[in-house]
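Below you'll find the structure, written out as structure tokens, and then a few comments.
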Amino acid sequence: MPSETKGDRKATLDAASWFFNVVTSVGIILVNKALMAKYGFSFATTLTGLHFATTTLLTTILKSLGYIQNSHIPLADIIKFVLFANFSIVGMNVSLMWNSVGFYQIAKLSMIPVSCFLEVVLDKVRYSRDTKLSITLVLLGVAVCTVTDVSVNAKGFIAAAIAVWSTALQQYYVHFLQRKYSVGSFNLLGHTAPAQAASLLLVGPFMDYWLTSKRVDAYNYSLTSTLFIILSCTIAVGTNLSQFICIGRFTAVTFQVLGHMKTILVLILGFIFFGKEGLNLQVVLGMLIAIAGMIWYGNASSKPGGKERRSFSIPITKTPDYSAVPLSDVPDEKL
């Protein structure tokens with residue numbers, strides 16, 4: 001009975017964590033779409049810096065109130081994480097500018113195979129045949145409903161490659177740092193958000209000017225656009241936190257696979273709120289294929305042998321529980 005109760009509690013927390021991530025991620029996409037399309041605030045990198053500045057403010061307040069415990073993560077690890085994260089953000093923006101939308105979507109889809117590769121090489125994870133096939137089905141479905149025109153050039157391909165690998169490494173590193181240093185999601189955010197906020201707010205205005213030929217300081221800030229910026233920053237705190245929670249509880253690959261559910265939801269809500277232009281049989285078919293793949297992945301990866309980490313020199317006798325403060329059963333030097 002106690003094991004069943006613990007399993008039910010974990011399943012409930014997993015579902016709540018994922019629901020939190022979906023709601024905040026879809027919410028921030030819709031708010032940012034309105035902010036950029038309707039109010040012309042096209043400074044994506046600077047806006048991301050403001051997101052992390054807001055996250056830094058909240059984690060600082062919570063730490064001062066005693067809700068976040070003091071912990072230590074070496075500066076070298078924080079710098080590596082921030083480099084991966086910032087290259088991911090800048091790389092994605094540059095990739096979208098230099099490539100067609102179709103190739104940009106293909107680049108995003110390739111994050112799953114890259115994340116799988118990192119887990120196989122670095123964590124010695126082994127996937128079953130059904131798990132591999134379900135991932136392939138998800139990729140096929142999302143490709144069918146999002147990839148249209150595909151054109152690529154040399155510099156666009158390099159930008160996409162940097163964006164894909166840095167994003168996969170950043171998400172892998174979230175899981176890695178939580179296991180290695182036994183820190184919770186908010187605690188890890190408290191270490192990384194200040195450095196990301198400072199670096200992005202420093203580089204962001206120049207990057208946005210290069211991408212858009214517009215200056216963020218010359219933007220005509222109205223009351224409505226300012227409120228949308230504040231709303232975006234507020235939701236971003238939940239998005240950042242939920243990403244760390246989900247990757248800590250699951251893995252980067254599972255986060256990527258289930259993350260395409262957000263792509264489907266954004267498409268559906270976009271058709272509802274912004275018109276049905278682009279909605280056709282191909283898009284609907286792609287959505288259905290992707291959803292079927294996600295259900296299959298959830299079933300396949302949860303079965304014995306569906307996705308497992310191979311044994312290291314010290315046997316793992318207990319499955320790590322990442323629900324609050326993740327603990328690692330593997331020595332740091334092995335990680």
Are any side-chain N or O atoms of [X] and backbone N or O atoms of [Y], one a donor and one an acceptor, separated by less than 3.5 Å?
X    : Y    : answer
S182 : Q178 : no
H51  : A236 : no
T56  : F52  : yes

Looking at every non-hydrogen atom in both residues, tell me the closest pair between [X] and [Y] and how far apart they are.
X    : Y    : result
A53  : L201 : CB-CD1, 4.2 Å
G91  : A163 : C-CB, 3.5 Å
S42  : M36  : CA-CG, 4.3 Å
A44  : N93  : CB-ND2, 4.1 Å
L241 : S185 : CD1-CB, 3.8 Å

**Item:** Pairs flagged by side-chain hydrogen bond (donor to acceptor under 3.5 Å, both in side chains) wherever residues 157-168 is involved - sequence neighbours left out
**Value:**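 The answer is S88-T167.
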**Message:** Does anything in residues 194-205 form a side-chain hydrogen bond (donor to acceptor under 3.5 Å, both in side chains)? List the pairs, not counting sequence neighbours.
**Reply:**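 Residue pairs with at least one partner in residues 194-205: N86-S199.
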**Request:** Just jot down the side chain to side chain donor-acceptor pair (under 3.5 Å) partners of N70, sequence neighbours excluded, or say none.
**Result:**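 Counting only residues at least two positions away or on another chain, N70 forms no side chain to side chain donor-acceptor pair (under 3.5 Å).
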**Request:** For S213, enumerate each residue passing the side chain to side chain donor-acceptor pair (under 3.5 Å) test, keeping only those at least two apart in sequence or located in another chain.
**Result:**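 Result, side chain to side chain donor-acceptor pair (under 3.5 Å) vs S213: none returned.
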Taking distance alone, no hydrogens or angles, what donor-acceptor pairs closer than 3.5 Å link side-chain atoms of residues 108-117 to residues at least two apart or in another chain?
residue: S110; atom: OG; partner: A107; partner atom: O; Å: 2.6
residue: S115; atom: OG; partner: M111; partner atom: O; Å: 2.9

Spell out, yes or no, whether [X] and [Y] are grouped together once hydrophobic residues are joined by side-chain heavy atoms under 4.5 Å, including indirect joins.
X    : Y    : value
F228 : V216 : yes
L177 : I79  : no
M287 : W296 : no
L200 : F244 : no
L211 : Y209 : no

Does the side chain of [X] reach to within under 4.5 Å of the side chain of [Y], using non-hydrogen atoms?
X    : Y    : answer
F176 : F81  : no
Y221 : I229 : yes
L231 : I28  : no
Q171 : Q243 : yes
Y172 : D123 : yes
N21  : I245 : no

Would you say the side chains of [X] and [Y] form a donor-acceptor pair under 3.5 Å?
X    : Y    : value
T59  : H191 : no
Y297 : D130 : no
T48  : T45  : no
S128 : T131 : yes

**Asked** Among T192, T24, T54, T55, whose side-chain hydrogen bond (donor to acceptor under 3.5 Å, both in side chains) with N240 holds?
**Response**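 Result: among T192, T24, T54, T55, T55 is the only option passing the side-chain hydrogen bond (donor to acceptor under 3.5 Å, both in side chains) with N240.
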Inter-residue atom distance [X].[atom1] - [Y].[atom2], 0.5 Å rounding:
X    : Y    : atom1 : atom2 : value
L50  : S232 : CG    : OG    : 8.5 Å
M92  : I89  : CE    : CD1   : 10.5 Å
S225 : L35  : OG    : CG    : 7.0 Å
Q69  : K63  : CD    : NZ    : 11.0 Å
T234 : L58  : OG1   : CG    : 10.0 Å
N187 : Y181 : CG    : OH    : 13.0 Å

**Item:** R126 and V120: CA distance, side-chain angles, deciding distance, side chain to side chain contact (heavy atoms under 4.5 Å, CB included) verdict
**Value:** CA-CA 6 Å; R126 182 171 51 198; V120 169; over 6 Å; no
Could I get the full list of ring-ring contact (aromatic ring centres under 6.0 Å, His included) partners for [X], not counting sequence neighbours?
X   : result
F20 : none
F87 : none
F43 : F41
F84 : Y173

**Request:** Kindly state each residue pair satisfying salt bridge (Lys or Arg N to Asp or Glu O under 4.0 Å) with at least one member in residues 198-216, sequence neighbours excluded.
**Result:**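 Counting only pairs at least two positions apart or across chains, the salt bridge (Lys or Arg N to Asp or Glu O under 4.0 Å) contacts touching residues 198-216 are R215-D217.
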**Prompt:** What pairs with D77 under salt bridge (Lys or Arg N to Asp or Glu O under 4.0 Å), at least two apart in sequence or on another chain?
**Reply:**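 Expected list: K80.
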Result block: side-chain N/O donor-acceptor pairs under 3.5 angstrom for residues 136-144, not counting sequence neighbours:
residue: T136; atom: OG1; partner: K132; partner atom: O; Å: 2.9

**Request:** Answer yes or no: are there more than 12 heavy-atom neighbours, outside Y39 itself, under 6.0 Å from its atom OH?
**Result:**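 Buried by this count: over 12 neighbours within 6.0 Å.
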